[in-house]
Amino acid sequence: MRDLKKGTIYAIISALCFGIMPIFAIKAYSFGMSVYTLLVLRFSISSLLFFIFLIWKKTTFTIGKKDFKLLFLLGGVLFTLLSVLHFESLKYLTSSMAVLLLFSFPIFVSIFSFFIYKEKLKIQSIIALLFTFISMIFL
């Protein structure tokens, strides 16, 4: 139960931060900051905090050459692309619409998993995806 509470608290804090982030981005744009400057600041601050956290927890880790290439592709290329596109979308959409569209990814993950990995979709997942899709249409 303790881990469930801890995980729930972390998820709520994460959701709050992701919900507030577009508001700060739009405010930064109004002061003339570019998407790329904002992202450099975001990633620099988060990297600094992450490494401080690792030092505080006394965590050591090693990354192999293969893992480093994969991390670079996922974090350095794909996550950066996601962030740039998300922050660019805030120039053209309301922050709530941009976040709603960004977090439609479970639909795509389910579809890709079905076709690429041949994962079976349970009826509960299909119903949840259907409700997700319908709610996106209403919004």
Side-chain angles (χ1 to χ4, degrees):
M1 186 65 173
R2 183 170 176 241
D3 289 338
L4 180 62
K5 285 182 183 177
K6 197 178 206 181
T8 303
I9 290 169
Y10 288 160
I12 289 170
I13 292 170
S14 175
L16 287 171
C17 291
F18 271 101
I20 292 170
M21 187 173 47
I23 296 167
F24 284 121
I26 291 170
K27 191 68 168 169
Y29 297 155
S30 72
F31 288 112
M33 191 175 286
S34 74
V35 169
Y36 303 103
T37 303
L38 188 58
L39 285 173
V40 166
L41 286 171
R42 175 185 174 203
F43 288 129
S44 298
I45 292 168
S46 64
S47 296
L48 178 67
L49 291 174
F50 180 69
F51 285 112
I52 289 171
F53 178 78
L54 288 178
I55 292 168
W56 178 60
K57 286 286 194 174
K58 298 178 181 156
T59 303
T60 58
F61 61 92
T62 56
I63 300 173
K65 201 179 259 190
K66 184 179 178 184
D67 290 334
F68 183 78
K69 288 177 184 177
L70 186 60
L71 284 171
F72 179 78
L73 176 66
L74 291 173
V77 177
L78 296 177
F79 189 72
T80 300
L81 181 63
L82 175 141
S83 299
V84 167
L85 293 175
H86 174 61
F87 276 64
E88 284 286 348
S89 74
L90 293 170
K91 292 179 179 179
Y92 308 102
L93 300 171
T94 62
S95 58
S96 58
M97 183 59 72
V99 170
L100 174 74
L101 291 172
L102 174 68
F103 287 105
S104 66
F105 71 86
I107 294 170
F108 300 110
V109 170
S110 298
I111 291 169
F112 291 144
S113 295
F114 176 77
F115 286 111
I116 294 171
Y117 297 114
K118 308 296 184 216
E119 289 184 8
K120 298 204 186 267
L121 287 173
K122 296 180 183 175
I123 189 70
Q124 297 94 335
S125 298
I126 294 170
I127 292 170
L129 291 171
L130 183 65
F131 279 119
T132 302
F133 184 71
I134 291 169
S135 65
M136 288 177 60
I137 289 171
F138 282 128
L139 289 172

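In this text the structure is predicted, and so the values were computed from the model without any measurement. Residues: numbered from 1 along the sequence shown. No hydrogens, no waters, no symmetry mates; every other heavy atom, side chains included, goes into these values.
Using a distance-only test at 3.5 Å, with no hydrogens or angles considered, no donor-acceptor pair links the side chain of Lys58 to the main chain of Ile55. Between the side chain of Ser14 and the main chain of Ala11, no donor-acceptor pair closer than 3.5 Å is present. Ser89 places a side-chain N or O within 3.5 Å of a backbone atom of His86 that can act as its donor or acceptor partner.
With hydrophobic clusters built from ILVMFWY side chains whose heavy atoms lie under 4.5 angstrom apart, Leu73 does not share a cluster with Leu82. Under a hydrophobic clustering in which Ile, Leu, Val, Met, Phe, Trp and Tyr are joined whenever their side-chain heavy atoms come within less than 4.5 Å, directly or via other members, Phe24 and Leu90 fall into different clusters. The cluster map of Ile, Leu, Val, Met, Phe, Trp and Tyr, joined by side-chain heavy atoms under 4.5 Å apart, puts Phe87 and Leu78 in different clusters. Under the 4.5 Å side-chain heavy-atom criterion for ILVMFWY residues, no single connected hydrophobic cluster contains both Ile63 and Leu74. Grouping the Ile, Leu, Val, Met, Phe, Trp and Tyr side chains by contacts below 4.5 angstrom, directly or via other members, places Leu39 with Leu41.
Taking the six-membered ring for Trp and thresholds of 30 and 60 degrees, Trp56 and Phe53 have ring planes inclined between 30 and 60 degrees apart.
Counting all heavy atoms, side chain and backbone alike, Leu4 lies closest to Thr8 at O-OG1, 2.7 Å. Residues Pro22 and Val99 share a closest heavy-atom pair of CG-CG2, 3.4 Å. Minimum interatomic distance between Glu119 and Phe114 (heavy atoms only, all atoms of both residues): O-CD1, 3.2 Å. Ser110 and Leu121 get closest at one heavy-atom pair: CB-CD2, 4.1 Å.
Inspection of the Ser34 and Thr37 side chains reveals an N or O donor paired with an N or O acceptor under 3.5 Å.
Ile23 has its side chain out of reach of Lys27: every pair of non-hydrogen atoms, C-beta onward, lies at least 4.5 Å apart. Two residues are said to be in side-chain contact when any heavy atoms from C-beta on lie closer than 4.5 Å; Phe18 and Leu102 fail this criterion. Residues Leu54 and Phe51 meet the side-chain proximity criterion, which asks for heavy atoms closer than 4.5 Å.
Surrounding CZ of Phe133 are at most 12 heavy atoms belonging to other residues, nucleotides or ligands under 6.0 Å away.
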